[in-house]
Amino acid sequence: MPPLPWPEPQAAVVRPLVAWYRRAGRDLPWRRSRDPYPIWISEVMLQQTQVERVKDFFRRFLERFPTVADLAAADEAAVLQAWEGLGYYRRARQLHAAARQIVADCDGVFPQTISGLRALPGVGRYTAAAIASIAFDQPEPIIEANSRRVLARLAGDDRLLQGPQADEPLWQLAAELVPKRQGAGRFNQALMDFGAIICTPENPRCTACPLVAACQAHQQDRVAEIPNLPAARSIRQLQETVLVLRHRGRLLVQRRQAGEWWEGLWDFPRVLPAGVVTSGRRRLGEVTYTVTHHKVTCRIVSLTVDERPRPGRQERWVRPTELTELAMTAPGRRIAVMIASLP
DNA sequence: AAGCCGGGGAT
DNA sequence: ATCCCAGGCTT
């Protein structure tokens, strides 16, 4: 793919951007140290998740798992519990597996090369470059939601940015801009703060932009059209029924299996387990939730269980108060809260 | 290359 | 309601 035609020299972007960052950059909890461990945790939490949402999760997670050794020694259930509500739970399982990999294969020493970082589950091209530049100041470029938008606008790149191949010219541009001797991590974080604060998706603050003189999109009055991203996928409607099974003050919860949504998290059953005899069916109401590109309307049915077989490995009969200790799915948690408030 | 995976905040 | 978000992995 041909490189982006763009006349501006590196200094016309890097100097004003870093100057802006020194003045207006965000004070974020994971910027207090150059330790790769908290930087790694923050980068994984930030995958497809906004900064404001991550802050509290990050603080609590580091309090609970202060070092990579603590994380490796933890049960996966504890890691999922710390992740509950953050979404994309595969990240939590991979984070845990990666911590064990670092302890087992690297003697607990965090990988310091791009290839070593990318060998960790859950660390892809962006995350490896982010850790390498921020923790180790290696001159690695990054392309993610913010820098993609900022660089596409600066270069006036109106191509449809669909698929990883389409990003290649932007990676190349980022590689040309990133400082080679020092300050790579600072520059990359400046790009992201700049995209989050000035060069926003809607109503970018071009009048306050220190890079406006270098911005091709602005000069051509095409800022609103760039980046040219594929249209969002349509949302599918689904119907579900959740069963709240009660037996002598206890409730049945099941752990979501591989291949299901929310693998590893606890939830109420959708179908009656074999061997369970019930009576006293009544409707408790409905919850509506959205998951990825599905909108699910979920009926909640309460049943009294007269006889029950022994629970399976992935099942537990728990007292309502015990639900607070389990990592639950978002709709499961909402239903649990609803049950607790029932007369 | 396309589909899959969460959840909440902003607009 | 719709869009957006410090992406990675599987098929």
Side-chain angles (χ1 to χ4, degrees), chain A residues 25-26 28-31 39-58 80 83-95 97-98 117-135 140-151 160-167 171 174 185 187-197 199-204 224 227 229-237 256 258-265 267 287-296 327-334:
Chain A
R26 294 174 289 188
L28 300 174
W30 46 89
R31 289 183 179 167
I39 291 169
W40 169 52
I41 301 297
S42 75
E43 288 301 338
V44 174
M45 286 186 169
L46 286 160
Q47 288 166 6
Q48 294 294 288
T49 310
Q50 289 175 333
V51 166
E52 285 306 316
R53 253 193 91 44
V54 165
K55 285 181 178 174
D56 282 341
F57 281 95
F58 174 82
L80 283 173
W83 208 270
E84 187 196 310
L86 200 50
Y88 288 122
Y89 297 92
R90 185 167 63 174
R91 295 184 294 178
R93 296 194 305 273
Q94 288 174 324
L95 201 69
L117 290 164
R118 286 208 62 168
L120 301 173
V123 177
R125 185 177 183 182
Y126 160 75
T127 303
I131 297 170
S133 63
I134 297 169
E140 296 291 339
I142 56 159
I143 290 297
E144 44 68 68
N146 290 299
S147 59
R148 177 181 297 113
R149 181 172 61 252
V150 171
L151 296 180
L160 178 62
L161 297 179
Q162 185 168 43
Q165 282 297 321
D167 277 336
W171 280 98
F187 171 77
N188 284 339
Q189 293 179 89
L191 266 182
M192 295 190 280
D193 276 20
F194 188 77
I197 295 170
C199 198
T200 50
E202 300 297 326
N203 306 316
L229 299 173
R233 294 183 50 189
S234 59
I235 292 190
R236 215 172 302 176
Q237 308 277 340
R256 291 287 186 134
E260 295 186 291
W261 287 347
W262 298 292
E263 177 184 349
L265 274 67
D267 202 356
V287 296
T288 302
Y289 60 93
T290 304
V291 42
T292 313
H293 52 278
H294 301 275
K295 184 184 168 103
V296 185
M328 296 195 75
T329 69
R333 180 60 71 199
R334 284 173 57 187

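Letters A, B, ... mirror the listed sequences (proteins, then strands); counts begin at 1.
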Whole angstrom value for the distance that separates [atom2] of [N] from [atom1] of [X]:
X        : N     : atom1 : atom2 : answer
A:Ile131 : C:dG7 : CD1   : P     : 13 Å
A:Gln237 : C:dA1 : CD    : C1'   : 11 Å
A:Arg91  : C:dG7 : CZ    : P     : 10 Å
A:Asn146 : C:dC5 : CG    : P     : 7 Å
A:Glu144 : C:dC4 : CD    : C1'   : 13 Å
A:Gln50  : C:dC3 : CD    : P     : 15 Å
A:Asn203 : C:dC3 : CG    : P     : 15 Å
A:Ile235 : C:dC3 : CD1   : P     : 9 Å

Looking at every strand, decide which applies to [X] at a 4.0 Å heavy-atom threshold: base, sugar-phosphate, or nothing.
X        : value
A:Gln165 : sugar-phosphate
A:Leu28  : base
A:Tyr289 : nothing
A:Ala130 : nothing
A:Trp83  : nothing
A:Gly85  : sugar-phosphate

| task | Side-chain contact test, heavy atoms from C-beta onward, threshold under 4.5 Å: evaluate it for A:Arg233 versus A:Thr292 and give yes or no. | result | no
| query | Do A:Trp40 and A:Val123 come within less than 4.5 Å of each other through their side chains, counting heavy atoms only? | reply |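 Counting from C-beta outward, A:Trp40 and A:Val123 do come under 4.5 Å.
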| 5'-most by nearest nucleotide on DNA chain C - A:Lys295 or A:Arg31 | A:Lys295
| task | Could you go through the side-chain contact (heavy atoms from CB on, under 4.5 Å) check for A:Asn146 and A:Leu191 one step at a time? | result | CA-CA 7 Å; A:Asn146 290 299; A:Leu191 266 182; over 6 Å; no
| query | Which is it for A:Tyr88 and A:Gln47 under the side-chain contact (heavy atoms from CB on, under 4.5 Å) test, yes or no, and what are the steps along the way? | reply | CA-CA 9 Å; A:Tyr88 288 122; A:Gln47 288 166 6; over 6 Å; no
| field | Any residue meeting salt bridge (charged side-chain N to carboxylate O under 4.0 Å, His left out) with A:Arg91, in chain and number order, not counting sequence neighbours | value | none
| query | If you walk 5' to 3' along DNA chain B, what is the first nucleotide with an atom under 4.0 Å of a heavy atom in chain A, and what is the last? | reply | B:dA1 to B:dG8
For nucleotides 8-11 of chain C, list the nitrogen or oxygen atoms of the protein found under 3.5 Å from its nitrogen or oxygen atoms, one pair per line.
unit_1	atom_1	unit_2	atom_2	d
C:dG8	OP1	A:Gly124	N	3.0
C:dG8	OP1	A:Thr127	N	2.9
C:dG8	OP1	A:Thr127	OG1	2.5
C:dG8	OP2	A:Tyr126	N	3.4
C:dG8	N2	A:Arg90	NH2	2.6
C:dG8	N3	A:Arg90	NH2	3.2
C:dC9	OP1	A:Gly122	N	2.7
C:dC9	O4'	A:Arg90	NH2	3.1

| For the atom pair CD1 (A:Ile142) and CZ (A:Phe187), what is the distance rounded to the nearest 0.5 Å? | 8.5 Å
| Parallel, tilted or perpendicular: which describes the rings of A:Trp30 and A:Phe58, with under 30° parallel and over 60° perpendicular? |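 Rings of A:Trp30 and A:Phe58: perpendicular, over 60°.
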| Does a nitrogen or oxygen in the side chain of A:Gln48 sit under 4.0 Å from OP1 or OP2 of C:dC5? |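 It does not, given that no N or O in the side chain of A:Gln48 lies less than 4.0 Å from OP1 or OP2 of C:dC5.
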| request: Could you go through the side-chain contact (heavy atoms from CB on, under 4.5 Å) check for A:His294 and A:Trp261 one step at a time? | output: CA-CA 12 Å; A:His294 301 275; A:Trp261 287 347; 3.4 Å; yes
| request: Kindly indicate, with the supporting measurements, whether the criterion side-chain contact (heavy atoms from CB on, under 4.5 Å) is fulfilled by A:Trp83 and A:Val44. | output: CA-CA 11 Å; A:Trp83 208 270; A:Val44 174; 4.0 Å; yes
| query | Checking salt bridge (Lys or Arg N to Asp or Glu O under 4.0 Å) for the pair A:Asp193/A:Arg31: CA distance, chi angles, key distance, verdict? | reply | CA-CA 12 Å; A:Asp193 276 20; A:Arg31 289 183 179 167; 2.8 Å; yes
